[in-house]
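First comes the structure, then the notes that go with it.
Whatever order the structure lists them in is the order used to number ligands and atoms, beginning at 1.
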Amino acid sequence: MAMDESNGRPLSAVCVFCGSSPGTDPAYVEAARRFGDLLGRTGRTLVYGGGKVGMMGEVADAVLAAGSRVIGVIPRAMVVRELAHPGASEMRIVETMHQRKALMSDLSDAFVALPGGIGTMEELFEVWTWAQLGVHDKPVGLLDAGGFFLPLIAFLDGMVTRGFLRAEVREILIVDTDPARLLARMATHVPAYQPQWMDERQT
Ligand code: AMP
């Protein structure tokens, strides 16, 4: 049970999307370690893609070192290639990438992306799109490090200006450089956006 927010959602299980590479700036790996350490110290469970390499391995190692649980969700083909973290508290084996994302989502109370590549972006945008559609109302955050996400944020803000993204949907995505502040903001975030899609389908 998470213990560092006095109000808001407890966010007991946090799903992390991040690179299977470490990136070139040491600030990225440092952010992965700090975020994993925070999750571990606050008694949260990490849910993630189950890898032992890059940023993924760093987050998982830090959670385990701080004494908390790590649940990996990994497609069978990746286990065979020995990419799965051997120290994970639990490793859920699934058949497809789609099953992986669905299970990671079901097991989690919140989603946080750290610097990563196209796999990270794909996972982030899918869960954010699900929030837009009303499939879930779990908070979605970005932990920035070394200014990695600044070009993406500028692009997203341009999407709002150009009329392709509603400002209330943009605001679902909470961005911070500090792990504890990010989680606190996510725990207490009340979205201005109310999904219309489900209701419209019923009418
Ligand atoms: P990328 O950002 O392209 O490095 O992809 C990272 C994301 O894709 C992670 O959040 C994982 O869910 C998934 N992924 C990519 N590579 C691996 C791997 N070697 N082991 C486990 N998951 C991976």
Side-chain angles (χ1 to χ4, degrees), residues 11 13-36 38-40 44-64 68-131 135-136 138-153 155-156 173-175 179 182-183 186:
L11 310 185
V14 177
C15 183
V16 171
F17 307 127
C18 62
S20 54
S21 307
T24 54
D25 186 339
Y28 307 144
V29 163
E30 178 59 25
R33 290 184 186 143
R34 285 174 58 216
F35 193 64
L38 175 69
L39 295 182
R44 294 183 162 94
T45 296
L46 168 69
V47 177
Y48 83 123
K52 65 180 178 187
V53 290
M55 297 279 288
M56 301 175 73
E58 297 286 350
V59 176
D61 287 345
V63 174
L64 292 167
S68 201
R69 282 172 53 73
V70 169
I71 303 178
V73 183
I74 195 162
R76 192 174 301 280
M78 282 187 176
V79 181
V80 171
R81 283 158 50 203
E82 295 184 289
L83 296 169
H85 195 305
S89 320
E90 209 178 312
M91 192 62 73
R92 303 279 191 102
I93 314 292
V94 294
E95 300 305 323
T96 68
M97 295 297 274
H98 292 292
Q99 288 171 356
R100 170 197 241 179
K101 281 185 289 183
L103 182 57
M104 287 168 84
S105 174
D106 289 347
L107 293 172
S108 307
D109 304 308
F111 308 96
V112 175
L114 274 62
I118 55 176
T120 302
M121 294 304 118
E122 190 264 345
E123 292 168 328
L124 167 69
F125 278 94
E126 180 147 42
V127 296
W128 188 14
T129 305
W130 287 348
V135 175
H136 68 75
K138 300 172 186 177
V140 184
L142 283 186
L143 181 66
D144 196 19
F148 178 81
F149 283 118
L150 296 180
L152 176 66
I153 293 161
F155 180 70
L156 294 170
L173 188 68
I174 300 169
V175 186
L182 176 66
L183 282 189
M186 289 173 67

Any nitrogen or oxygen of Gly119, main chain or side chain, under 3.5 Å from a nitrogen or oxygen of ligand 1?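 Yes; at least one N/O pair falls below 3.5 Å.
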For ligand 1 and Ser20, I'd like to know whether there is a polar contact (N/O to N/O, distance under 3.5 Å).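 Right, the criterion is met.
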[X] heavy atoms, cut-off 4.0 Å: which ligand 1 atoms fall inside?
X	value
Gly19	2 (O), 4 (O)
Thr120	1 (P), 2 (O), 5 (O), 6 (C), 7 (C)
Gly51	20 (N), 21 (C)
Phe17	10 (O)

Evaluate Leu46 against Val59 for side chain to side chain contact (heavy atoms under 4.5 Å, CB included), listing each step before the verdict. CA-CA 9 Å; Leu46 168 69; Val59 176; 3.8 Å; yes
Start with the C-alpha distance between Phe35 and Leu114, add both sets of side-chain angles, then the distance that settles side chain to side chain contact (heavy atoms under 4.5 Å, CB included), and finish with yes or no. CA-CA 9 Å; Phe35 193 64; Leu114 274 62; 4.1 Å; yes
Derivation and outcome, salt bridge (Lys or Arg N to Asp or Glu O under 4.0 Å), residues Arg100 and Glu95: CA-CA 8 Å; Arg100 170 197 241 179; Glu95 300 305 323; over 6 Å; no
At under 4.0 Å between heavy atoms, is it the side chain or the backbone of Met56 that contacts ligand 1, or both, or neither?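 Met56 to ligand 1: side-chain contact only, backbone stays beyond 4.0 Å.
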Between Ser89 and Leu64, does a side chain to side chain contact (heavy atoms under 4.5 Å, CB included) hold up when you go through it step by step? CA-CA 8 Å; Ser89 320; Leu64 292 167; 3.9 Å; yes
So how far is it from Glu123 CD to Tyr48 OH, rounded to the nearest 0.5 Å?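 OH of Tyr48 is found 12.5 Å from CD of Glu123.
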Let me see the working for Met56 and His85 under side chain to side chain contact (heavy atoms under 4.5 Å, CB included), right down to the final yes or no. CA-CA 9 Å; Met56 301 175 73; His85 195 305; over 6 Å; no
Mind checking whether Lys52 has a heavy atom under 4.0 Å from ligand 1? no
How are the rings of Phe148 and Tyr28 set to each other: parallel, tilted or perpendicular (split at 30° and 60°)?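 Phe148 vs Tyr28 ring planes: perpendicular.
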What is the closest protein heavy atom to [atom], and at what distance does it sit?
atom	result
atom 18 (C) of ligand 1	Met78 SD, 4.0 Å
atom 21 (C) of ligand 1	Arg100 NH2, 3.3 Å
atom 10 (O) of ligand 1	Glu123 OE1, 2.5 Å
atom 19 (N) of ligand 1	Leu83 CD1, 3.5 Å

Leu11 side chain near Met186 side chain, heavy-atom distance below 4.5 Å: yes
Going by heavy atoms in the side chains, are Ile74 and Arg92 under 4.5 Å from each other?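 A side-chain contact is absent here, since even the closest heavy-atom pair is not under 4.5 Å.
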Ignoring hydrogens, just give me the one of Cys18, Gly49, Gly117 whose non-hydrogen atom is nearest atom 6 (C) of ligand 1. Cys18
